Amino acid sequence: MRIFVVSDTHGDLKKAIELYDRALTGGPLDFIIHCGDFYSDGVRLAQLYSQRIYAVHGNCDGGWGEEFKVVETPAGKILVIHGHNEDVDFSLDNAAYLARREKCAMVCFGHTHKAVIKEHNGILFVNPGSTRRPRSLDGGSAAIVTAEESGFAASILYL
């Protein structure tokens with residue numbers, strides 16, 4: 001199973017579309033995860049590609065309070081959050097607590113606009129970065145997650 005993960009598109013899908021098309025060169029994608037800011041962009045991207053979407057609201061969508069999705073995969077469950085409610089700018093501990101509570105082996109999150117793949121407290125964390133306002137020197141990024149019975153693998157796709 002291959003999953004396209006994007007976040008923090010902030011109303012501009014041009015780079016997300018470019019990254020999605022590039023991701024397709026590696027094979028078909030099973031669904032899209034959009035980690036918030038802007039939720040409606042995730043819906044539009046899914047409609048454009050006739051694809052399933054798992055999206056959450058971010059702080060710029062007015063998403064305050066506990067909001068998350070849990071996605072079942074052959075490798076285990078994925079927790080989808082934006083991250084502002086879990087204070088991911090400072091620590092991954094709150095997100096790890098929520099992931100353990102929901103029995104998730106992986107967390108996809110956004111909010112920081114910084115792409116990262118990291119294991120924390122036995123949980124794989126993937127932040128695809130931002131396609132609209134990256135906080136690094138790249139031109140924007142997304143992530144590809146592979147979920148097989150043997151486990152998760154993730155990579156960052158940069159522009």
Side-chain angles (χ1 to χ4, degrees), residues 1-61 63 67-84 86 88 92 95 99 102 104-120 123-159:
M1 173 178 282
R2 292 182 74 235
I3 306 160
F4 183 75
V5 184
V6 67
S7 187
D8 297 284
T9 49
H10 290 274
D12 185 352
L13 283 178
K14 182 180 175 189
K15 290 180 180 179
I17 289 167
E18 185 178 339
L19 288 162
Y20 188 95
D21 289 342
R22 190 182 309 166
L24 285 173
T25 64
L29 295 161
D30 293 285
F31 57 86
I32 299 168
I33 290 176
H34 190 289
C35 299
D37 283 354
F38 285 7
Y39 179 92
S40 59
D41 290 346
V43 172
R44 284 196 342 230
L45 189 63
Q47 290 170 339
L48 182 66
Y49 289 100
S50 299
Q51 191 65 270
R52 280 185 298 156
I53 180 79
Y54 297 93
V56 294
H57 293 91
N59 55 299
C60 292
D61 296 308
E67 180 181 352
F68 61 88
K69 297 264 171 72
V70 174
V71 182
E72 297 273 352
T73 75
K77 295 179 183 178
I78 300 173
L79 178 71
V80 181
I81 60 174
H82 182 60
H84 63 295
E86 295 76 22
V88 296
L92 297 177
E102 298 300 321
C104 295
M106 181 178 166
V107 176
C108 289
F109 70 105
H111 188 59
T112 66
H113 293 223
K114 296 176 188 172
V116 67
I117 298 171
K118 174 181 183 172
E119 189 170 320
H120 179 75
I123 299 166
L124 181 62
F125 281 80
V126 175
N127 185 328
S130 173
T131 58
R132 179 72 170 111
R133 298 178 187 147
R135 291 192 180 140
S136 56
L137 298 177
D138 62 69
S141 58
I144 303 298
V145 171
T146 304
E148 298 174 354
E149 288 184 20
S150 59
F152 289 107
S155 62
I156 302 294
L157 194 59
Y158 292 98
L159 287 174

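What you see is a predicted model, and the numbers here were worked out from it, not measured in a lab.
In this structure, CD1 on Ile144 lies 9.0 Å from CD1 on Ile156, to the nearest 0.5 angstrom. Here the CG-OH distance, from Leu79 to Tyr54, works out to 14.0 Å after rounding to the nearest 0.5 Å. Rounded to the nearest 0.5 Å, atoms OH (Tyr39) and CD1 (Ile53) are 8.0 Å apart. Between atom CD1 of residue Ile81 and atom CD1 of residue Ile33 there is a gap of 11.5 Å, rounded to the nearest 0.5 Å. Taken to the nearest 0.5 Å, the CG atom of Asp37 stands 4.5 Å off from the CG atom of Asn59. Annotation: the span from His10 atom NE2 to Ser130 atom OG amounts to 5.5 Å, rounded to 0.5 Å.
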For this session: I would like to know whether Tyr20 and Ile32 meet side-chain contact (heavy atoms from CB on, under 4.5 Å); could you show each step before the answer?
Result: CA-CA 9 Å; Tyr20 188 95; Ile32 299 168; 3.8 Å; yes

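Of all non-hydrogen atoms in Val145 and Ala154, the two that sit nearest each other are CG2-CB, 4.2 Å. The minimum heavy-atom distance between Ala95 and Val107, with the atom names listed, is O-CG2, 4.3 Å. Considering every non-hydrogen atom in both Ala99 and Ile123, the closest pair reads CB-CD1, 3.8 Å. When every heavy atom of Gly129 is checked against every heavy atom of Ser141, the shortest pair comes out as CA-OG, 3.6 Å. Counting all heavy atoms, side chain and backbone alike, Leu29 lies closest to Ala23 at CD1-CB, 3.9 Å. Phe38 and Gly11 get closest at one heavy-atom pair: CD2-N, 3.4 Å.
Just one of Val5, Thr9, Leu45, Val80 meets the side-chain contact (heavy atoms from CB on, under 4.5 Å) condition when paired with His34; it is Thr9. Checking each of His84, Glu86, His82 against His111 for a side chain to side chain donor-acceptor pair (under 3.5 Å) leaves exactly one that passes, namely His82. Screening Val56, Val126, Leu92 for a side-chain contact (heavy atoms from CB on, under 4.5 Å) involving Phe109 leaves a single residue, Leu92.
Remark: the backbone N or O of Glu18 is not paired with any side-chain donor or acceptor of Asp21 at under 3.5 angstrom. At distances below 3.5 Å, at least one donor-acceptor pair connects side-chain atoms of Arg2 with backbone N or O atoms of Gly27. A donor-acceptor contact shorter than 3.5 Å links the side chain of Asn127 to the backbone of Gly110.
Between Thr131 and Asp12 the shortest side-chain heavy-atom distance does not fall below 4.5 Å. Two residues are said to be in side-chain contact when any heavy atoms from C-beta on lie closer than 4.5 Å; Tyr49 and Ile17 meet this criterion. A 4.5 Å side-chain heavy-atom check between Glu149 and Pro74 finds at least one atom pair inside the cut-off.
The neighbour count for Lys69 NZ, taken as heavy atoms of other residues, nucleotides or ligands under 6.0 Å away, is above 12.
Under the rule for a side-chain contact (heavy atoms from CB on, under 4.5 Å), the partners of Ala75 that lie at least two apart in sequence or sit in another chain are Thr73, Ala147, Phe152. Every residue meeting the side chain to side chain donor-acceptor pair (under 3.5 Å) condition with His57, not counting sequence neighbours, appears here in chain and number order: Glu67. Scored by the salt bridge (Lys or Arg N to Asp or Glu O under 4.0 Å) test, Asp41 finds Arg44 as partners (sequence neighbours excluded).
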